Structure formats: structure tokens, C-alpha cells
**Student:** 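Quick one: the structure is below, questions incoming.
These numbers were taken from a predicted model, which means no experiment stands behind them. All heavy atoms count here, side chains included; hydrogens, waters and symmetry mates do not.
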Amino acid sequence: LTATPAAETYEHLFAQIYLLDLGERLGTSITKYREKYFTYNRWSMKWKLRDGCEEEILEKIKDICLVMKVEDYLDLEKPVFVERKITLSDDQMALYEAMKKDFMVTLPDGTEIEAETAAALSQKLLQMASGVLYETYFDDDVDTEDMKKVKKVHHLHDHKIEALREIHEEAQVSGKTLLVAYHFKSSLDRLKKAFPKATVMDREGRCVKPWNAGKITMLLIHPQSGGHGLNMQHGGHNLVFFDIPWSLELFLQLIGRLARQGQKNLVVVQLLLAAGTLDEFVYAALNAKTDAQDKLFRMLKRMIRKLRQNVRSVFVP
């Protein structure tokens, strides 16, 4: 195995070890394995490793595992991270704060958008930081007479697009290529419109060869489609995160597509962060190599408790 088999959780190790020993060390049941070593978080819907269990698991599998870290064997420079702060206008920040505080916001055109759950709120806050807000509702399907789910994208701002435009112009002057990571489908649509000559990474990875040959100046990539198994170090050394991903594993793996053996230049990772928003919170968690989503949900739980207390104070004399 290469890269980070347990970047976020030791839960993923179960299947890998089972393939080696058929359950001799960690058991034959993923359910029993989870119940023994993990605690379930109903907010993030993830299993979290309990204190002290990491050492216990490592003790059981150490006889069939060999750990070799890249930095111990290869002379590779660590990537440089550059935070490019994006400033929202006062009105845009007011909308953001309203959604964060009330789980609901009214747009200038009168549209009301609500975040029904903590998970939905986190997504909507990140959408607003990137420049859009999704409205989801049900409508009648004329053909089937059934209700269909409709997702409408409301445009809020283009600050990140403009920041990326500056980065792109700088790259063109110096003859450098750009690998641009996005998360939301709306971000991809906006990037394709703003940079019509950009190439979108295909699922089969056919773009890798022309990228490594220097024939693609800007490649748009989703961390899930390019996080594992792609050697892209020959095509460039500049990575820009337009949207900030939740997953530490995907974050590190995508960076590892460029920062790997054969890379001849220092890898520069630029992050477009909307100041005062969830962008900064998520990146701080990723930078500390912790589970960003789990950390966020703990914060949201505190926010929900505070919101409920405020509601009770209004209605209780």
C-alpha cells in the first residue's frame, strides 16, 4: 500500500488487514471491529477511534506491516502552502452570518433558503464562501405527475473566480501550468465558464498523459477523481484549491499527485480562503491533520444549543 492508508481513521485498515490474514488479527466482522475500537458520532455519521485503541491496533498488526516514509528515503522538498484571503463585502458577510446564526437566510430577490440540518448548514456556509447558495425544493413533474427534487443555484459573488484569474495570469506569464481543485458542481460550471480553455479531468484519467506532456495549461480536478493512483508530477507543480475539501485523506492525496518522486520543482499549494468563513475553519483543521468534519460538527452542536437557548429566552417569560 502507498500514501496514507489511515490518514483519517483506522476504520479503513480493517479490510486491508483482512486481505492479508483473513481476520486473524482484527477479526472477521467489521461491525465487531468498530464496536471494540470506535465510538459512533451521530452528527458526522462516522466512527471515531477511542483513546488508547490506536496503540492496541498497531500492536496487533505490527508483525505483518512495514512502514517506509517518503521523507526518510527520498530527497523531496515539502510543499509550500500559500493562503490567499478573499474578502467578502459587508452585505455578503451579513448574509453569511445570518445563515450561520439562524440556519436560514433571505436573499436580495426575496428567496428564503433554510439549512434543515447541521450537515446542510456546513455545506451551505462553504457554498456561500465560494460564491453560491443552493436552494433545494420539490416540484411537480409534468410527465410523471410525481414530485421531483429540484436544485437551484443562486449566484452571490465571484471573488474566488477573480482571485484565480490573477493566479492564472501570473502562471501564463511564467509559463506555468495550474491544477485547480473544486468540490461543488456549481464551482466546476463557473470555472468552465470563466476559463473556457481549461480541461476537466476525466474519470478514466486520459488527461494525465497530455498533462504530463505540458499540453494542458489549466486542469480542473475533483479530489475524489484524482486523489489516488495518478502520477501527475511531470506536468506541473502548482495546485490551487478553489473549494476547501473536508477530507484530510483526499486533501493530502491530491497534493501527493504532484509532490512525489520525479517532481523537479517545489510544489506550491494555494488555497482560496474567504476570510471570516468556514473556509478558514476547515483549512485550520486540515493543517492540524484532524478530521475537519468532526471538528465542525462539534462547533455546530454548540451553535444549535445556543440558538435553542435564545429561542427559549424569547418565548419563556
**Student:** Taking C-beta and beyond as the side chain, do Pro79 and Val268 meet within less than 4.5 Å on heavy atoms?
**Tutor:** no
**Student:** Supply the atom-to-atom distance Gln263 CD to His234 NE2, rounded to the nearest 0.5 angstrom.
**Tutor:** 8.5 Å
**Student:** List in chain and number order the residues that pass salt bridge (charged side-chain N to carboxylate O under 4.0 Å, His left out) with Glu54, two or more places apart in sequence or in another chain; answer none if no residue qualifies.
**Tutor:** none
**Student:** Mark yes or no for whether Ser130, through its side chain, and Gln127, through its backbone, hold a donor-acceptor pair below 3.5 Å.
**Tutor:** no
**Student:** Please report the shortest heavy-atom distance between Ala181 and Leu254, naming the atom on each side.
**Tutor:** CB-CD2, 3.6 Å
**Student:** Would Leu191 and Ile161 count as a side-chain contact (heavy atoms from CB on, under 4.5 Å) if you check the C-alpha gap in whole Å, the side-chain angles of each, and the deciding distance to 0.1 Å?
**Tutor:** CA-CA 7 Å; Leu191 288 168; Ile161 291 289; 3.9 Å; yes
**Student:** Would you say that Val180 contacts Phe195 through its side chain, given a criterion of any heavy-atom pair below 4.5 Å between the two side chains?
**Tutor:** no
**Student:** If I take atom OH from residue Tyr182 and atom CE from residue Met201, how far apart are they, to the nearest 0.5 angstrom?
**Tutor:**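 Rounded to the nearest 0.5 Å, the OH-CE separation comes to 10.0 Å.
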**Student:** Using side-chain heavy atoms (C-beta onward) and a distance below 4.5 Å, is His222 in contact with His183?
**Tutor:**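 Of all side-chain heavy-atom pairs linking His183 with His222, at least one is under 4.5 Å.
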**Student:** Between Asn231 and Arg260, does the side-chain hydrogen bond (donor to acceptor under 3.5 Å, both in side chains) criterion hold? Intermediate values first, please.
**Tutor:** CA-CA 8 Å; Asn231 294 307; Arg260 60 196 300 107; 2.8 Å; yes
**Student:** With a 4.5 Å limit on heavy-atom distance, are the side chains of Arg190 and Val132 in contact?
**Tutor:**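 Sidechains of Val132 and Arg190: in contact.
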**Student:** Can you name the nearest heavy-atom pair linking Leu219 to Val200, along with the distance?
**Tutor:**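 Taking every non-hydrogen atom into account, CD1-C, 4.1 Å.
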**Student:** Quick one: does Phe241's side chain get under 4.5 Å of Gln270's, heavy atoms only?
**Tutor:**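 No - every pair of side-chain heavy atoms lies 4.5 Å or more apart.
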**Student:** For the atom pair CD (Glu24) and NZ (Lys60), what is the distance rounded to the nearest 0.5 Å?
**Tutor:** 11.0 Å
**Student:** Is there side-chain contact between Phe81 and Ile255, with heavy atoms separated by less than 4.5 Å?
**Tutor:**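 Yes. Closest side-chain heavy atoms under 4.5 Å.
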**Student:** Would you call Arg165 and Asp158 a salt bridge, taking side-chain N to carboxylate O under 4.0 Å as the test?
**Tutor:** no
**Student:** Would you mind checking if Arg34 and Glu11 are paired as a salt bridge, meaning a charged N to carboxylate O distance below 4.0 Å?
**Tutor:**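 Salt bridge between Glu11 and Arg34, a charged N being under 4.0 Å from a carboxylate O: yes.
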**Student:** Surrounding CD of Glu204 (heavy atoms of other residues, nucleotides or ligands, distance under 6.0 Å), is the total greater than 12?
**Tutor:** yes
**Student:** To the nearest 0.5 Å, how far apart are CD1 in Ile57 and OH in Tyr37?
**Tutor:** 6.0 Å
**Student:** Under a 4.5 Å cut-off applied to non-hydrogen side-chain atoms, are Tyr96 and Val105 in contact?
**Tutor:** no
**Student:** Kindly give the heavy-atom pair with the smallest separation between Val240 and Ile167, and that separation in Å.
**Tutor:** CG2-CG2, 4.1 Å
**Student:** Answer yes when Lys193 and Asp189 have at least one side-chain N-carboxylate O distance shorter than 4.0 Å, and no when they do not.
**Tutor:** no
**Student:** Work out which heavy atom in Tyr134 is nearest to a heavy atom in Ser186; give both atom names and the distance.
**Tutor:**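 Here Tyr134 and Ser186 meet closest at OH-OG, 3.0 Å.
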**Student:** So does Arg84 pair up with Glu166, basic N to acidic O under 4.0 Å?
**Tutor:**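 Looking at Glu166 together with Arg84, the answer is yes, because their closest N to O distance falls below 4.0 Å.
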**Student:** For atom CG of Asp51, decide whether the heavy atoms of other residues, nucleotides or ligands shown that lie under 6.0 angstrom number more than 12.
**Tutor:**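 It does not: Asp51 CG has 12 such atoms or fewer within range.
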**Student:** Rounded at 0.5 Å granularity, tell me how far CD in Gln261 sits from CD in Gln233.
**Tutor:**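 The distance works out to 8.5 Å.
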**Student:** For a quick test of reading the model, state the closest non-hydrogen atom pair linking Ala115 to Lys124 and the distance between them.
**Tutor:**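 Nearest pair, atom of Ala115 first, then Lys124: CB-CD, 4.0 Å.
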**Student:** Donor-acceptor pair, Ser174 side chain versus Glu170 backbone, under 3.5 Å?
**Tutor:** yes
**Student:** Check whether the ring centres of Tyr33 and Phe14 lie less than 6.0 Å apart, and answer yes or no.
**Tutor:**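 They qualify: ring centres under 6.0 Å apart.
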**Student:** For a side-chain hydrogen bond (donor to acceptor under 3.5 Å, both in side chains) check, start with the C-alpha distance between Asp109 and Thr111, then their side-chain angles and the critical distance, and finish with the verdict.
**Tutor:** CA-CA 6 Å; Asp109 64 2; Thr111 302; 2.9 Å; yes
**Student:** To the nearest 0.5 angstrom, please state how far the CG atom of Leu133 sits from the CG atom of Leu95.
**Tutor:** 8.5 Å
**Student:** Checking Val80 against Val267 for the side-chain contact (heavy atoms from CB on, under 4.5 Å) test, could you report, in this order, the C-alpha distance in whole Å, the side-chain angles of both residues, the deciding distance, and whether it holds?
**Tutor:** CA-CA 6 Å; Val80 171; Val267 173; over 6 Å; no
**Student:** Under a 4.5 Å cut-off applied to non-hydrogen side-chain atoms, are Arg25 and Ile64 in contact?
**Tutor:**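 The answer is yes, as the side chains (C-beta and beyond) meet within the 4.5 Å cut-off.
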**Student:** Test of understanding: clusters of I, L, V, M, F, W, Y form through side-chain heavy atoms closer than 4.5 Å, transitively. Do Ile244 and Leu156 belong to the same one?
**Tutor:** yes
